[in-house]
Amino acid sequence: MRYSSGFLFFILIAVQSVFAQNSIEITDVWINEAPPTVKILAGYFTINNHSDDPVDLVTAHSPSFQKIEFHLTETQDGVARMQKLETISIPAQSDFSFSPGEYHLMLFNPVKTTKAGEMISLQLTFSNGTNIDVEAEVKRSELPPHHHHH
Amino acid sequence: MLLTALFVIVCVALGAGVGIYTSRDYTASNAVKPAVEGFLWPNPRIIQPFSVVDQHGNPFGLENLTGQWSFMFFGFTHCPDICPITLSLLSQVQKKLAEQDTADKVQIIFVSVDPKRDTPEQVADYVSYFSKNLIGLTGTEEQIAGLARQIGVVYIVNDETAPGDYSVDHSASVFLISPAGQWLGLFSAPHEVDDIINRFNTISEYIKKQE
Ligand SMILES: [Cu+2]
């Protein structure tokens, strides 16, 4: 089968306009399972801002947790410290990742014990008024991505 | 001019002699200190007797460190980000080391820097989640401070943000203690399983040649 380049171009434009409608996408969302007695969990995801404007992530809510904060783990002189951030700014046309040992959702006081395999609803609210609902899978601790120090 | 040249030649000859002498000397002691990041040889710190409790409420002291290698990590159970990552990673290190032919005895130890909230029961639930072979230590605030001070571990208990909610800043490093009770290695974050294993293997090989 052969398609004319004009047809391919049409498809490309169609795909792009779909993305333009969903200018913010949330991908790779997961929550780190914790031992049953632990009342604080961490969640991770990537925000893809496809729009031409910067946007701020302002709040996160879940019916499964009493409170959610945005945190950054920073290691300075070998000492790790968690810092609370009010908002997360995502520049235009870029991705922002929450990942182990860095940015994370700090999920306080689960309403019940959360186990690997469960799906947790999260609602993320952005400064432009966009609300995005996502389902986060609870997974067993993953190792951080490889850091190379060559 | 000629004298200067002669002087230089004599110095080079002497230098070469010293070089041969020292290289023979090294052959005699059988190994040159390997270039391993965080290897504290030739000045390891000898751990002094201490007393804390393990996750079963049993006393744990220096005698529980001697005779095997220990990887120690200081953290707290209400730490959802780097503590679980590091403990999962160390459990993998232990598993991989056990599969090696030259299996040295290795224990992985989690020390709570939040003994107020981390009772032995809480620590037991926490460490057993990662591996049955993990050891979890807690104690009085003075006992934990004493052990941490010996290994130069820094931690800061922050103010409460809500009743009972507070965070503890703590060292992200992994500390390696030798079977002779010497603090020999400081592995700083971010950690990688294979990197820690390679560094450990090089260090333990070298230490065996010293004995
Ligand atoms: Cu946090």
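Nothing here was measured: the structure is a model prediction, and the numbers come from that model. Scope of the values below: all heavy atoms of this structure, side chains included, with no hydrogens, waters or symmetry mates. Within every chain, numbering begins at 1; the chains are lettered A, B, ... in the order of the sequence lines, protein sequences first and strands thereafter.
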Spatial distance of atom [atom1] ([X]) from atom [atom2] ([Y]) [nearest 0.5 Å]:
| X | Y | atom1 | atom2 | value |
| --- | --- | --- | --- | --- |
| A:Asp77 | B:Ser171 | CG | OG | 11.0 Å |
| A:Lys84 | B:Thr161 | NZ | OG1 | 7.5 Å |
| B:Arg117 | A:Thr37 | CZ | OG1 | 12.0 Å |

Item to check | B:Ile82 side chain reached by A:Pro100 side chain, heavy atoms, under 4.5 Å | outcome: no
Checklist entry - Heavy-atom distance under 4.5 Å to chain A: side chain of B:Ser167, backbone, both or neither? => result side chain
Checklist entry - Which bit of A:Thr75 comes within less than 4.5 Å of chain B, counting heavy atoms only: side chain, backbone, both or neither? => result side chain
Checklist entry - Side chain, backbone, both or neither: which part of A:Lys67 has a non-hydrogen atom closer than 4.5 Å to chain B? => result side chain
Item to check | Whether over 12 other heavy atoms sit under 6.0 Å from B:Lys208 NZ | outcome: yes
Checklist entry - Around atom CD of A:Gln76, are there more than 12 heavy atoms of other residues, nucleotides or ligands at under 6.0 Å? => result no
Item to check | B:Asp81 and A:Tyr103 side chains, donor-acceptor separation under 3.5 Å | outcome: no
Checklist entry - Hey, mind stepping through B:Asn158 and A:Arg81 against side-chain contact (heavy atoms from CB on, under 4.5 Å) and telling me if it holds? => result CA-CA 10 Å; B:Asn158 291 297; A:Arg81 178 190 176 84; 3.7 Å; yes
Item to check | Cation-pi check, A:Arg140 onto B:Phe130 ring (under 6.0 Å, within 45° of axis) | outcome: no
Item to check | Option in B:Val153, B:Val127, B:Asp125 with maximal non-hydrogen atom pairs under 4.5 Å from chain A | outcome: B:Asp125
Item to check | Result of checking A:Leu105, A:Val38, A:Ile40, A:Thr73 against B:Pro80 for side chain to side chain contact (heavy atoms under 4.5 Å, CB included) | outcome: A:Ile40
